[in-house]
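Just so you know, these numbers use all the heavy atoms, side chains as well, and skip hydrogens, waters and symmetry mates. Within every chain, numbering begins at 1; the chains are lettered A, B, ... in the order of the sequence lines, protein sequences first and strands thereafter.
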Amino acid sequence: MPKYNPKKIERKWQKYWAEHPELFEADEKSEKEKFYCLDMFPYPSGDGLHVGHVEGYTASDIYSRYQRMKGKNVLHPMGWDAFGLPAENYAIKTGVHPDKSTHQNIKNFTGQIKSLGLSYDWKREIDTSNPGYYKWTQWFFLFLYKNGLAYRKKAKVNWCGSCQTVLANEQAEGGICERCKNEVIQKDLEQWFFKITDFAEELIEGLDKIDWPQSTKIAQKNWIGKSVGAEFELRITNYESGIRVYTTRLDTVYGMTYAVVSPEHPIIEKIKDGIENYKEVEKYINEAKRKTDLERTELQKEKTGVEIKGLRVINPFTDKEVPIFVADYVLSTYGTGAVMAVPAHDERDFEFAKKYNLPISQSITLDFESYEKTIKVLEALKEIYNEAQKENVKFWLLGGLANAFYAGIVYREHDDLDLIARDPASQEKMIAVLEKLGFEKIKEKKLTEKLTNFIFKNSNGIEVDIGPCAWEYGLKDCDFEEEIKTFGDYQSLVLSRKFLINLKNYFIKNRSEEKDKIDLSYLEGKVLTEKGFLVNSGKYSGLSSEKAREEMAVWLEKNNFGGRKTTYKIRDWLISRQRYWGSPIPMIYCEKCGWQPVSEKDLPVLLPEVKDYRPKGTSPLGTNSDFVNTVCPKCGAAAKRELDTMDTFVCSSWYFFRFSDPKNEKEFAGKEKIEKWLPVDLYIGGAEHTVLHLLYSRFFTKALHRHGRIDFDEPFKKLRHQGIVIAEDGRKMSKSLGNVINPDEIVKEYGADVLRLYEMFMGPLEDMKRWNTSSIIGLRRFLERVWRLEEKTQSTNTQNTKQNPGPKTQNTKINSLLHKTIKKVTEDIDNLRFNTAISAMMILVNEMEKEKELPIISYQLLNTILSPFAPHMAEEIWQEKLGRKESIFFEKWPEYDPKLVQDEEIMLIIQVNGKVRDQIKVPSGVKEEEAKKLALESQKIIKYTEGKDIRKIIFVKDRLINFVITH
RNA sequence: GGGGAUGUGGCGGAACUGGCAGACGCGCUAGCUUCAGGAGCUAGUAGUAGCAAUACUGUGAGAGUUCGAAUCUCUCCAUCCCCACCA
């Protein structure tokens with residue numbers, strides 16, 4: 001028998017499959033149920049295929065082959081995301097035209113993919129840089145334009161100085177260019193946008209009805225960033241106009257002590273004349289504008305701002321005037337670009353208020369009752385403090401109240417006083433002070449020989465705990481750990497000391513008689529930002545935050561100040577790029593008629609040849625005057641073309657439609673073809689496209705749906721990500737680290753089938769996995785074993801031949817395992833759990849090896865369920881060893897025999913008090929009574945149950961019986 | 001700071017709705033085969049104690065629910081990913 005030689009057989013069957021394209025082509029005429037299984041098409045980089053690609057592509061290939069064998073009409077296409085910055089940057093570096101290098105790379109990728117035996121329908125291959133494709137990318141632009149979803153506006157945009165182009169928000173996250181990792185600056189430019197914001201709500205709602213990873217759905221939801229709040233006007237003193245502010249915390253409005261507008265806010269220009277310190281304000285604004293996003297958002301950066309003097313705004317709820325600031329911690333791009341500032345309940349406002357010494361006014365408490373109680377506790381503390389000062393008592397306040405004060409939290413558990421005397425004399429004196437103030441000793445707890453803790457209570461029910469400070473007496477005398485537990489951590493002691501100093505100032509400064517006005521301006525640390533109950537809020541005091549928001553919004557609406565408002569973080573998608581290697585934007589500018597779309601019949605606007613395609617701040621397309629100069633489609637006068645190209649993500653936002661009808665010259669895809677094939681049933685690709693590509697594709701689909709082009713509104717019914725494959729050293733695979741695994745080399749050494757199996761066996765599809773070359777050999781051994789199993793079929797029962805392989809359902813042990821394996825593998829593929837499917841087949845093969853003889857039919861069935869995983873070998877066995885004339889991929893996926901999957905006898909676990917003590921063989925389906933009888937006959941069990949009461953028996957059918965006995 | 005995950009032998013990982021923890025594979029150990037080699041074969045392989053049968057411990061840490069917890073609940077720790085002044 002010839003040895004297993006993957007190199008030879010893989011080449012042979014790849015050639016065979018190429019000569020029989022009908023095997024893997026989607027059938028336009030078939031009435032069979034369709035299945036669209038899609039991979040994220042790759043950007044054909046010069047580095048070639050990555051083992052991460054192989055993982056995703058193998059998974060979808062197994063699934064596609066399986067679905068075909070299950071009788072589905074499968075569409076499984078491949079194409080190239082060929083336009084884009086990397087190709088161009090590479091071209092600039094090497095001096096080779098991007099068209100040439102890209103096509104070289106595509107050739108390389110194609111060869112690699114074919115060497116893996118992936119079953120793509122190559123007749124449908126697409127290339128986004130091909131005019132036949134980008135004609136329709138341009139058509140999509142016009143489609144959106146004509147429906148008011150593409151527009152041009154001057155805006156502050158992300159500009160990458162290194163790539164010399166603008167970027168979408170999605171590509172400039174954190175102020176860093178996604179491509180070159182350089183800093184992104186803000187520039188005012190006129191650019192083309194797609195109105196994705198129009199679909200914000202639909203994009204959120206649609207997530208509920210698709211089978212996607214939860215984490216991806218949540219990431220998209222966060223990116224869209226819906227928030228429900230209120231918008232209202234703050235009238236400016238002496239002006240008719242006001243400032244509109246947006247808030248999600250309308251319930252805190254009584255705590256507003258100032259207002260802030262962003263430096264870009266247009267109101268400043270309008271009220272310029274009223275501003276006393278305009279020069280100063282202007283200076284601040286100019287500084288802020290010069291800063292990059294990165295500088296403005298830098299972590300832990302101190303907040304800055306300038307008061308707009310001479311003007312104030314009026315809180316509509318209280319009619320009180322508060323100052324206005326301009327500060328760059330307020331973003332011009334979100335909400336209204338202006339906020340009401342509530343330092344007591346917002347961390348940013350708090351930080352700002354502290355720095356500029358602005359009043360802080362509490363309007364929320366977590367618990368209304370304890371708020372009242374706390375005021376009483378404070379009264380008591382004030383008394384104690386004053387008295388203690390007179391007697392020169394040295395003490396610290398700590399524990400709950402101190403922490404609560406520091407955190408700005410008023411809390412039920414924190415309504416007594418924890419005092420610590422700093423020396424023995426002070427404890428004595430404090431006791432005297434407390435007794436003088438009418439406190440009664442209610443408890444006394446000896447901590448050690450020398451240390452005692454006393455608890456006092458007054459007629460108001462206020463408890464005071466006066467304890468000794470352990471380490472002032474010497475640490476050895478007490479349990480330090482215990483002290484820490486009792487008094488809180490060391491930090492709280494330090495804070496408390498600081499607190500007392502502040503508290504002193506507070507009592508001196510604030511001798512207000514009004515009980516419900518607590519000035520929290522002395523606070524340091526955290527701020528109460530949770531929802532709670534309102535205090536100091538006029539007629540709304542005592543309401544819950546939720547209820548108050550509703551009632552306050554109604555009040556705003558009734559009085560014409562504003563009302564409820566929902567906002568989204570997502571911005572419109574900026575698609576202009578001042579770069580060469582992309583699809584031209586099909587628009588023409590005419591002096592007389594303004595912007596005019598290119599007529600559909602004139603598409604595509606071909607990407608022109610240019611001498612120099614290096615970026616120069618404006619599009620390189622501008623250097624080709626034949627391209628630039630054209631005529632106005634409306635009036636025929638001389639006009640100029642739009643010079644920018646489109647973001648490459650536009651190309652990939654609709655490619656999955658094109659696969660249904662890739663050669664269509666009249667439409668991006670014919671209506672009946674779309675109806676036949678779409679939406680995509682299973683989409684597999686990396687998680688790095690969580691927001692960009694996946695969100696844009698959904699947007700395009702929803703736009704087509706809204707304007708009556710298609711009757712579904714989600715493109716990908718089921719989505720799964722393959723986890724990233726990291727290098728053997730635990731780091732990311734990267735050329736610079738020299739730890740990249742080239743799939744070609746693995747194929748050369750072990751074979752494509754082994755590589756496929758290895759990548760699937762590594763672990764769950766979605767998990768991050770570490771490459772480990774030395775483990776690959778196990779999969780090679782497995783295939784070798786399968787290969788050799790044929791020997792065992794040679795001598796088999798002579799009446800069975802390859803043409804007549806015998807009955808499928810003989811009831812033997814090995815046959816029963818075979819059918820269990822068919823069941824397991826079928827279920828595992830359905831759930832994309834390829835690792836456990838392979839392990840089930842390994843178990844079967846291990847058992848088959850132990851047999852002397854193997855029926856041909858068993859070997860056939862094994863080969864059939866293995867075929868999606870190791871197609872080359874399965875085809876070789878099928879056609880050469882088993883002598884079949886047709887490809888195994890015309891074979892039907894086997895059904896398991898339910899009778900054989902059911903065991904006649906099972907091992908029943910016997911437990912005593914939940915611990916396994918024995919197991920016995922019993923007929924399956926045994927009843928509790930019978931099981932109990934058999935179990936109690938076991939010597940081991942008798943040992944445990946003898947002379948004991950069996951209080952309870954738990955019986956789980958075909959699994960276990962558990963005796964609960966008294967100890 | 002917010003959100004999402006993850007944590008099981010020397011390693012990758014199994015364990016369905018709570019029911020034999022460590023399947024399967026790598027590695028390792030011993031033996032066989034071979035001129036040799038190993039990408040062959042056989043047996044063993046969580047830890048501790050024991051010649052052994054066996055017993056006890058054990059799924060990041062701690063508590064809880066339960067006859068029974070890797071799985072459920074709470075608290076904490078660690079690692080990774082994403083977002084981040086979004087009012």
- Message: Is it the case that the ring center of Y758(A) lies less than 6.0 angstrom away from the ring center of W771(A)?
- Response: yes
- Query: Expressed in angstrom and rounded to an integer, what is the separation of R785(A) atom CZ from C24(B) atom P?
  - Reply: 11 Å
- Query: Which is true for R917(A) with a 4.0 Å heavy-atom rule: it touches a base, it touches only sugar-phosphate, or it touches nothing?
  - Reply: sugar-phosphate
- Kindly say if N846(A) contacts the phosphate of G25(B), meaning a side-chain N or O under 4.0 Å from OP1 or OP2. yes
- Item | Centroid-centroid distance, Y258(A) to F352(A), less than 6.0 Å | yes
- Figure out the CD/P separation between E351(A) and G1(B), and round it to whole Å. 14 Å
- Task: Considering only atom C1', compute the distance from U33(B) to U79(B) and round it to an integer number of Å.
- Result: 47 Å
- Query: Below 4.0 angstrom from OP1 or OP2 of G27(B), is there any side-chain N or O of R781(A)?
  - Reply: yes
- With rounding to whole Å, what would you report as the distance between G22(B) and U8(B) at their C1' atoms? 8 Å
- With a 4.0 Å cut-off on heavy atoms, is I909(A) in touch with a base, just the backbone sugar-phosphate, or nothing at all? base
- Considering only side-chain heavy atoms of I218(A), which listed nucleotide, A14(B), A87(B), G3(B), is closest? G3(B)
- Item | Atom-to-atom span, NE2 of H721(A) to P of A5(B) - whole angstrom | 13 Å
- C28(B) -> Watson-Crick or G-U wobble partner, both distances under 3.5 Å, gives G44(B)
- Message: Side-chain N or O of Y334(A) versus OP1/OP2 of A87(B): is the shortest distance under 4.0 Å?
- Response: yes
- Counting any heavy atom closer than 4.0 Å, what does S227(A) reach on the DNA or RNA strands: base, sugar-phosphate only, or nothing? sugar-phosphate
- Item | Pairing nucleotide - C16(B), Watson-Crick or G-U, each distance under 3.5 Å | none
- Just checking I954(A): base, sugar-phosphate only, or nothing, at a heavy-atom cut-off of under 4.0 Å? base
- Query: Which part of the nucleic acid, if any, lies within reach of K303(A) when heavy atoms closer than 4.0 Å are counted: base, sugar-phosphate only, or nothing?
  - Reply: base
- Pairwise P distance, C16(B) and C67(B) [rounded to whole Å]: 22 Å
- Residue matched to A49(B) through Watson-Crick or wobble contacts both under 3.5 angstrom: U54(B)
- Y758(A) OH - C26(B) P separation (whole Å): 12 Å
- Query: Using purine N1 to pyrimidine N3 plus N6-O4 or O6-N4 for Watson-Crick, or N1-O2 and O6-N3 for G-U wobble, each under 3.5 Å, what pairs with G9(B)?
  - Reply: none
- Query: How long is the line joining CG of L331(A) and P of A84(B), in whole Å?
  - Reply: 11 Å
- Can you tell me how far C1' of C20(B) sits from CZ of R959(A), to the nearest Å? 10 Å
- Query: On a whole-Å scale, what distance lies between the P atoms belonging to C28(B) and C80(B)?
  - Reply: 30 Å
- Message: What contact category does V916(A) fall into here, base, sugar-phosphate, or nothing, at under 4.0 angstrom with non-hydrogen atoms?
- Response: sugar-phosphate
- Item | Protein-nucleotide distance (F761(A), atom CZ; C11(B), atom C1'), rounded to Å | 13 Å
- Pairwise C1' distance for A21(B) and U75(B), with rounding to whole Å: 25 Å
- Side-chain N or O of R770(A) closer than 4.0 Å to phosphate OP1/OP2 of C26(B): no
- Message: Between N831(A) and E827(A) (side chain of the first, backbone of the second, donor and acceptor by atom type, cut-off under 3.5 Å), is there such a pair?
- Response: yes
- Message: Need one value for Q214(A): base, sugar-phosphate or nothing, where a base atom within 4.0 Å counts as base even if backbone is also close, heavy atoms only.
- Response: nothing
- Re A61(B): Watson-Crick or G-U wobble partner, both distances kept under 3.5 Å, found to be U75(B)
- Message: Please classify the nucleic acid contact of D767(A) as base, sugar-phosphate, or nothing, using heavy-atom distances under 4.0 Å.
- Response: nothing
- Task: Name the pairing partner of G37(B), where a pair is Watson-Crick or G-U wobble with both distances under 3.5 Å, or state none.
- Result: none
- Between M907(A) (CE) and C20(B) (P), how many Å, whole number? 14 Å
- For G1(B), the Watson-Crick or wobble counterpart (both distances under 3.5 Å): C83(B)
- Which whole number of Å gives the distance between the C1' atom of C20(B) and that of A70(B)? 14 Å
- Identify whether the glycosidic angle of G58(B) places it syn (within 90° of 0) or anti. anti
- If the C1' atom of C85(B) is compared with that of C76(B), how far apart are they to the nearest Å? 30 Å
- Query: Counting side-chain heavy atoms from CB outward, which of C26(B), A15(B), U57(B) is closest to K915(A)?
  - Reply: U57(B)
- Task: Tell me, with the steps shown, if E546(A) and R549(A) meet salt bridge (Lys or Arg N to Asp or Glu O under 4.0 Å).
- Result: CA-CA 5 Å; E546(A) 284 92 348; R549(A) 281 177 205 176; over 6 Å; no
- Aromatic ring pairing Y334(A)/Y246(A), orientation class (parallel under 30°, perpendicular over 60°, tilted between): perpendicular
- N835(A) has a side chain; which of C16(B), G13(B), A87(B) sits nearest to it? G13(B)
- Between G10(B) and U29(B), how far is it from one C1' atom to the other, in whole Å? 13 Å
- Message: For a quick check under 3.5 Å, do Y896(A) and T821(A) share a side-chain donor-acceptor pair by atom type?
- Response: no
- E728(A) and R770(A) ion-paired at < 4.0 Å: no
- Worked check of side-chain contact (heavy atoms from CB on, under 4.5 Å) between L719(A) and L694(A): CA-CA 10 Å; L719(A) 170 75; L694(A) 289 169; 3.7 Å; yes
